[in-house]
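All remarks here apply to the structure that follows.
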Amino acid sequence: MPEWEDRVDAHYNFEHDEHSSPHTSERVQQYIWDVFDYERTPIDGVLISREQVEDSRTKFERLIDHGVHHEASGLNIPEWLPTISDCGAWGYKQLPFPPYDNDGMLEFYEQLGVTVGVTIDHLVLGTGHQERLYLDKRAMPEGFSTDDLPEDLTEDLDLMIDDWPDTWPDYVAESEPSIYKTGEPDPFDLSIFEGSADRVLADLRDDPRAVYREDDTDFRYQLTLKNAREMRDLYEANGYSFRLMVAIQGWDPGSYANAARKVLGMGYDYLGIGGVAGSNVEDVRKTTTELGTVIKDYERGFDTRVDTHVFGFAKTDAFETIGRTGMTSFDSASMLRAAWTGGENYHLDSERRYDAIRVRYPSNVDDLEDAVEKALRGQEVLHGLRAFDENRSIAVALDEWLTSAEIALDSFESYLRENRFDDRFDASRLRDIEQSLREDFDLAGELKASFSDALRSRVHKLLREDDPEEPLSFEEYARLLNTASGVFEEFESMQAEIARRERATADVGTFKQVWALVKSYADWIGDEDHLQAYEKTLRNEPWRECGCPICSELGIEVAIFRGNNRNRRRGFHNTRKFYDEFEEELPKILVATEASASLSGAKTIESYLRNNEPELWNAVHDLPVAEIGVVTANGVHEWWEQPPSTVSLAPSKLGQQIGAYCVRYQDLFMYSTDRPLFEEVRHTVETHDCTVHEYSEADKLRTAVLDRLGYKDEFLPSRLVQSGLAEFSQ
Ligand SMILES: [Zn+2]
C-alpha cells in the first residue's frame, strides 16, 4: 500500500462527531497497521515515495532522522512489515528531469531504513507525441494559459509546464547546461513564442527556462536505464543495507522486455515495472506476460531467481496473470480510496458492493440557521441509523436525542452566564478555548453535534474576546443561542411519524421505519438519486457480515459516508476484503528447508541453496507466487538475503520463529531428505492455520506447489505479443 497519510483518530467520538482533541498533535493517529493486529493486517508492505514525503518538511526530516520503523518517525511501521521506497515518478512527470540524483537517493533509502530502495525512473508517457517542450511555470506570466501560445508551435508537441526546482541535481549539467544552476527565472515575454515553430524552438535551445526534445520518449527510457547502471555501481561500492530494485519503463511489451534484458544483465534480481498505473487490464496482461517470459528464460538459463513488482496496479481480475507470470508484489491504494471516491464504496468482495449512506456536514458557506438545520437533520438520521443497527426503537432513540439536544442548548446559556469570564477561557488560540470548553462543559459535544460546529466555534470566538475588564454584552451570546433555539423549535422531527409506524406494526428497528427517515433526509438534502442504492445497503446490512475489527466495533458507522474517520476506516475495511480475495487466489506459500551450520559461511541464501540443496533449488527456483527460503532459530531467511552471522538450529526457538512467520501464510512446504520436521515445530505452525506439507523429493514438492495454485507445469500464460513487436525489441 502506498503511504499517503491514510490515518484515523484512534479515539474519535462517533456519537458527537468530535476528534479526541482539538490539537492534532495530541491525537493518537492510527495507520492501517495500527488498526489491525499482526495476523490480520491486510497488507504485506508499505511503499513510501520521496515525492510524497517531501510535501511536508517536518515529515521529511522526521523520517530522515528516525527511519520509517521508529516511533518518532510518525509512521511507526512495524519491523515485520517490509517497506519499499521510490522517488515517486508520477509526481514529477511534467519535469524535464527527475529532481533527484542517484547517490542522494541511495543515501535517502539508507536513512529511511527501508527494506527495498528503487532506482530513479522517468515515466515514459503514452501521450501520442514524441516531441516535448518543457517550460518552467515560474517564468510564465500571471494569468498565462496554453491558449496564449501559437497553434503552430503546440500542435505537434506536448507542452509540459510545471514549477521547476530551485536547483537541479548535478547530472543535469551534462545534457542541459543552460538550465543547470539558474535560480529564480525572469518571466517570459510571450512574443518569444511567435514566428515559425522551428525558429521558436531554436531560440529556446539555450534558454534557462525551456527544454525541448525531439524524442522525449527515448530520452526518458534511456535515462531510466542509465540510472539503473549508475545506481547499481554506487550500490555495490557502498554496501548499503537495503535491497535495490530496478525500475523499468517502456511504451509497449517489447520495449519493456528490452529494458528487462538490459537490467538483468546488470545483475539486478528485483525488477519494478513502472508506468502501468492507470493502464487497462489487457495492456498490463500483455506487458507482464512478455516480461514474465523474459524473466523465466533468464531464471532458467542462469539457475537463479528474480522478483518483480508491478507499480500502481492491483485489479482482482488480473490476479491470474500476476500469479502465472511470476510477479512477486504490487501496490495500490485503489480499494482504500474507493471508499470515498464514488458509489459502491463499501465492499464485501469484488462483486458485492454497497453505497454508504451520505449524512452531510453543513458547508462553510451556510449561514448559521442553515448550519443548525443541517446539523439537526444529520443527527436525527444518525441516531435513527444507530437504533436500526441495534434493533431498538428508532422512535425512542429520537426522543432521547431530542431531549438531550434541548438540555444541551438550555444549559449552555446558563453555563455561559456563569463561566464566560473564567480564567480557562483566557487564551489566544481558539483551539485552547475549545479544549477548555470541552473539558469543563459536559454537553459541549452534544451541543456541537446537534447545533453545528458553526455555532460552537462562534461562541469560542466570543469567549476569546470577552474580558471581565471590558465585558461583551451577553446579547452577543444570546443572539447565537436564540438563532439555534429558533431553528430547533421549527424543526419538524420524524419522531412522531416513526412512533406511529412502530405502533402500527408492533415492531421496532425495522427497515420500513428507518427508510422513512433516510428517504425524508435524502430528499431534503438533495441526495434522492442515491436512494435506490441506499435501499440495497439497508436491506442487506453488509456490515453485519464482516468480522473485521472495524465493522465489529463500529457497526453501521462504517456504512455511513461522513468525514475522514468513517470514510477512511471504510477504506481500511475494503482493503481487508480485497486482501481476503487476494489470499484466496494467490495464497501465501513458503517453500523452505532447515539450514545447516554451513549457512553462515555462504555469501547469500541463494548460493547456499544452490550449493547445499541443489535438488531443491533446481526444482523450485523458478516457481511463481511462492516465497523461498531457509529456516534457522533466528527466523526465516529469504533466498535473496544475506545469511545471519551465527546460525542456531535449536528446535524450540526454530519452532517459535517459523510459527510466528507462518501466521501470515496459508501453506508451508518443507523440504528435508533426512528426517521429518520436529513435531513441536509442525504443531506451532499448524496452530496458526498454516498447512504444513513435508517432502523429501524436490520434484514432488514442485508439483505440489503448482497443484496448490491450480497451475500446470507450464504455468506461464501464452504470449500475446505480435511477432512484429517482438522483432522490434531484439
Ligand atoms: Zn469490515
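Being a predicted model, the structure only gives us computed values, none of them experimental. For ligands, and for the atoms within them, numbers begin at 1 and follow the listed sequence.
- With waters neither drawn nor counted, the protein N/O/S atoms under 2.8 Å from the Zn ion (ligand 1) amount to 4.
- Taking NE2 from His573 and SG from Cys548, the interatomic distance works out to 6.0 Å, rounded to the nearest 0.5 Å.
- Each side-chain hydrogen bond (donor to acceptor under 3.5 Å, both in side chains) pair with one or both residues in residues 545-557, not counting sequence neighbours, appears once here: Arg352-Glu545, Arg386-Glu557, Glu557-Arg566.
- For the pair Arg664 and Asp44, the salt-bridge criterion is met [side-chain N within less than 4.0 Å of a carboxylate O].
- In this structure, the ring of Phe330 has its center less than 6.0 angstrom from the ring center of Phe582.
- Under the 30°/60° scheme for interplanar angles, the aromatic rings of Tyr31 and Trp33 are found to lie parallel.
- Residue Asp6 is tested with Arg568, Arg570, Arg569 for a salt bridge (Lys or Arg N to Asp or Glu O under 4.0 Å); the sole match is Arg568.
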